[in-house]
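Start at 1 and go down the list; that is how both ligands and their atoms are numbered.
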Amino acid sequence: MKKALITGITGQDGSYLTEFLLGKGYQVHGIIRRASTFNTDRIDAIYADPHEQGTRLFLHYGDLSDATGIRRIIGKVQPDEVYNLGAQSHVRVSFDQPEYTADVVATGTLRLLDAVRDFIAETHKPVRLYQAGSSEMFGAANPPQNEGTPFYPRSPYAASKVAAHWYAINYREAQGIFICNGILFNHESPRRGETFVTRKVTRAVGRIKLFLQDKLYLGNLESKRDWGYAGDYVEAMWLMLQQDKPDDYVIATGESYSVKDLLEEAFRYVDLDWRDYVEIDPRYFRPTEVNHLHGDATKAREKLGWEPKVGFVELVHMMVDHDLELARQDKTLRDAGHILTPRGLANR
Ligand code: NDP
Ligand code: GDR
């Protein structure tokens, strides 16, 4: 049985990847951070008590800022494949917490690479590693962007991902480790964090439709993104590690839409006009914005045989349907006298 170790297992991608790998028969180990509240919501449905026979999902406390802990976990798990998904992944927040972002995203990757390097040297086990790169690394580069497009990062997050990308290439070339950089364009799902724009919009659509919220405050509505479905994208991560040779791949849908297009589709789906509800709050502007991301995933299609299955409209509808159901549950609770999240919190 192959063993996979995932950093960032509690995140959107970590949860989809875990389901995907369990489905392939893997034993999956994930690194979770200690928090004062439970932070395993996204994987709770698939987590079984480790005392039960036949369990194939195991969680370990750790943090990308803690090299000793990471090394201990790798030694204990003895993974065949490592997926480095852990990150402070919010671009806007990285302007407020640049040093922390760099420590986790850039140096954290370096800590992991170095731990894997020493583990391979000691055990001669041919560990393969996936590094979660981002289209944010292209930043201000002209679209469409592919593997040959020079990076032009526009945030501390993006600059940290560029550093991690080059650390990964250096460990591949200097240490001969099988490492792949995935350069993934935005991918979303009903499990997307609620402060990213797609989920913020679909969550608000559900709540506005059911009269639980009356306004949605957003930043730049003009920026364009190549939005795909997270469930499709985790398959690409796995495919990269199954090839004969390690390489780097862009993963994208090849279609690009503006935040306005997103609003149009999400509100129209429930027969509302977004112009009646959306207001601009400059708090959500970024000091340096990434205006237009539009990926060209030809290489992944030709070499990995990977194609996205879910398109933009289907994705938006899937997320709105899910968030309408969440809003219905919220409404039931409210009508039963429970105190709901204050409206201000819904506009984070
Ligand atoms: P999320 O923000 O949903 O998840 C991030 C994960 O990283 C969470 O499990 C989080 O733990 C964990 N994490 C945060 N800080 C640390 C730390 N110091 N040590 C260890 N783990 C930590 O991100 P996604 O699932 O959306 O993305 C996965 C990866 O892919 C990230 O690296 C992201 O930057 C990258 N990426 C994402 C894209 C997207 O569109 N989703 C596109 C391109 C790249 P906790 O739950 O405790 O907060
Ligand atoms: P992004 O995603 O920065 O592309 O990073 P996000 O959804 O945060 O922003 C997309 C675009 O929407 C604009 N926007 C807003 N964004 C947020 N979050 N909140 C708002 O209120 C709002 N209003 C407008 C933004 O300015 C931006 O142009 C995501 C993350 O998952 C990264 O980790 C990942 O690397 C990249 O995608 C690819």
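- Summarising the contacts of atom 11 (C) of ligand 2 with Ala230, Ser94, Ser223, Ala87, the nearest heavy atom is found in Ser223.
- Ranking protein heavy atoms by distance to atom 33 (C) of ligand 1, first place goes to Tyr157 OH, 3.6 Å.
- Neither the backbone nor the side chain of Trp227 has any atom closer than 4.0 Å to an atom of ligand 1 (non-hydrogen atoms only).
- Ligand 2 places these atoms under 4.0 Å from at least one heavy atom of Arg192: 29 (C), 30 (C), 31 (O), 37 (O).
- Under a 4.0 Å heavy-atom criterion, Gln88 is not in contact with ligand 2.
- The number of heavy atoms from other shown groups lying within 6.0 Å of CZ (Phe285) is above 12.
- For the residue pair Asn84 and Thr7, a side-chain donor N or O sits within less than 3.5 Å of a side-chain acceptor on the partner.
- Close approach to Ser134 involves these atoms of ligand 2, each under 4.0 Å from a residue heavy atom: 34 (C), 35 (O), 36 (C), 38 (C).
- Close placement of the Trp306 and Tyr233 rings is indicated, their centers lying within 6.0 Å of each other.
- For Trp227 and Tyr257, the gap between ring centers reaches or exceeds 6.0 Å.
- Under a cut-off of 6.0 angstrom, the local environment of CZ in Phe20 is crowded, with over 12 non-hydrogen atoms contributed by other residues, nucleotides or ligands.
- Comparing heavy-atom distances from atom 23 (N) of ligand 2 across Ser89, Ser135, Gly219 singles out Gly219 as nearest.
- Residue-level proximity to ligand 1 for Lys161 is carried by the side chain, the only part with a heavy atom below 4.0 angstrom.
- Look at Asp247 and Arg172 and you find no salt bridge, because none of the NZ, NE, NH1 or NH2 atoms lies under 4.0 Å from a carboxylate O.
- Under 4.0 Å from ligand 2, not a single heavy atom of Arg92 appears.
- Residue contacts with ligand 2 for Lys224 are absent, since no atom lies close enough (heavy atoms, distance under 4.0 Å).
- The heavy atom nearest to atom 13 (C) of ligand 2, out of those in Thr195, Asn220, Ile280, is found in Asn220.
- Heavy atoms of Arg192 found under 4.0 angstrom from ligand 1 belong exclusively to the side chain.
- At a threshold of 4.5 Å between side-chain heavy atoms, the hydrophobic network of Ile, Leu, Val, Met, Phe, Trp and Tyr places Val82 and Leu57 in two separate groups.
- The nearest non-hydrogen atom to atom 1 (P) of ligand 1, considering only Ser89, Ser135, Gly30, Ser15, comes from Ser89.
- In this structure, the side chains of Leu5 and Ile31 come closer than 4.5 Å at one or more pairs of heavy atoms.
- At a 4.0 Å heavy-atom cut-off, ligand 1 touches Thr10 through backbone and side chain alike.
- When heavy-atom distances to ligand 2 are checked against a 4.0 Å cut-off, Lys161 has no atom that comes that close, whether in backbone or side chain.
- Between Phe267 and Tyr277, the two ring planes are parallel [angle under 30°; tilted spans 30° to 60°].
- For atom 7 (O) of ligand 1, the nearest non-hydrogen atom from the set Gly11, Gly108, Ala87 comes from Ala87.
- Of all the heavy atoms of Val91, the ones lying under 4.0 Å from any atom of ligand 2 belong exclusively to the side chain.
- The distance from ligand 2 to the heavy atoms of Tyr157 drops below 4.0 Å at these ligand atoms: 32 (C), 33 (O), 34 (C), 35 (O).
- Atom 8 (O) of ligand 2 has its nearest heavy-atom neighbour, among His292, Arg199, Arg286, His90, in Arg286.
- Aromatic rings from Phe185 and His294 are positioned such that their centres are separated by 6.0 Å or more.
- In Arg33, the part holding a heavy atom less than 4.0 Å from any atom of ligand 1 is the side chain.
- Residue Glu289 approaches ligand 2 through these ligand atoms, each under 4.0 Å from one of its heavy atoms: 25 (C), 26 (O), 27 (C), 28 (O).
- A salt bridge is absent between Glu81 and Arg128: the closest approach of a Lys/Arg side-chain nitrogen to an acidic carboxylate oxygen does not fall below 4.0 angstrom.
- By the 4.0 Å N-to-carboxylate-O rule, Arg92 lies too far from Glu136 to be salt-bridged with it.
- Close to ligand 2: Glu136, with a non-hydrogen atom less than 4.0 angstrom away.
- If you look at Val259 next to ligand 2, the close heavy atoms, those under 4.0 Å, all belong to the side chain.
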Ignoring hydrogens and angles, write down the donor-acceptor pairs under 3.5 Å from the side chains of residues 307-320, residues two or more places apart or on other chains.
{"unit_1": "Lys309", "atom_1": "NZ", "unit_2": "Glu235", "atom_2": "OE1", "d": "3.2"}
{"unit_1": "His317", "atom_1": "NE2", "unit_2": "Glu265", "atom_2": "OE2", "d": "2.8"}

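- Residue nearest to atom 17 (C) of ligand 1, selected from Ile32, Ile6, Asp63, Thr7: Asp63 (by heavy-atom distance).
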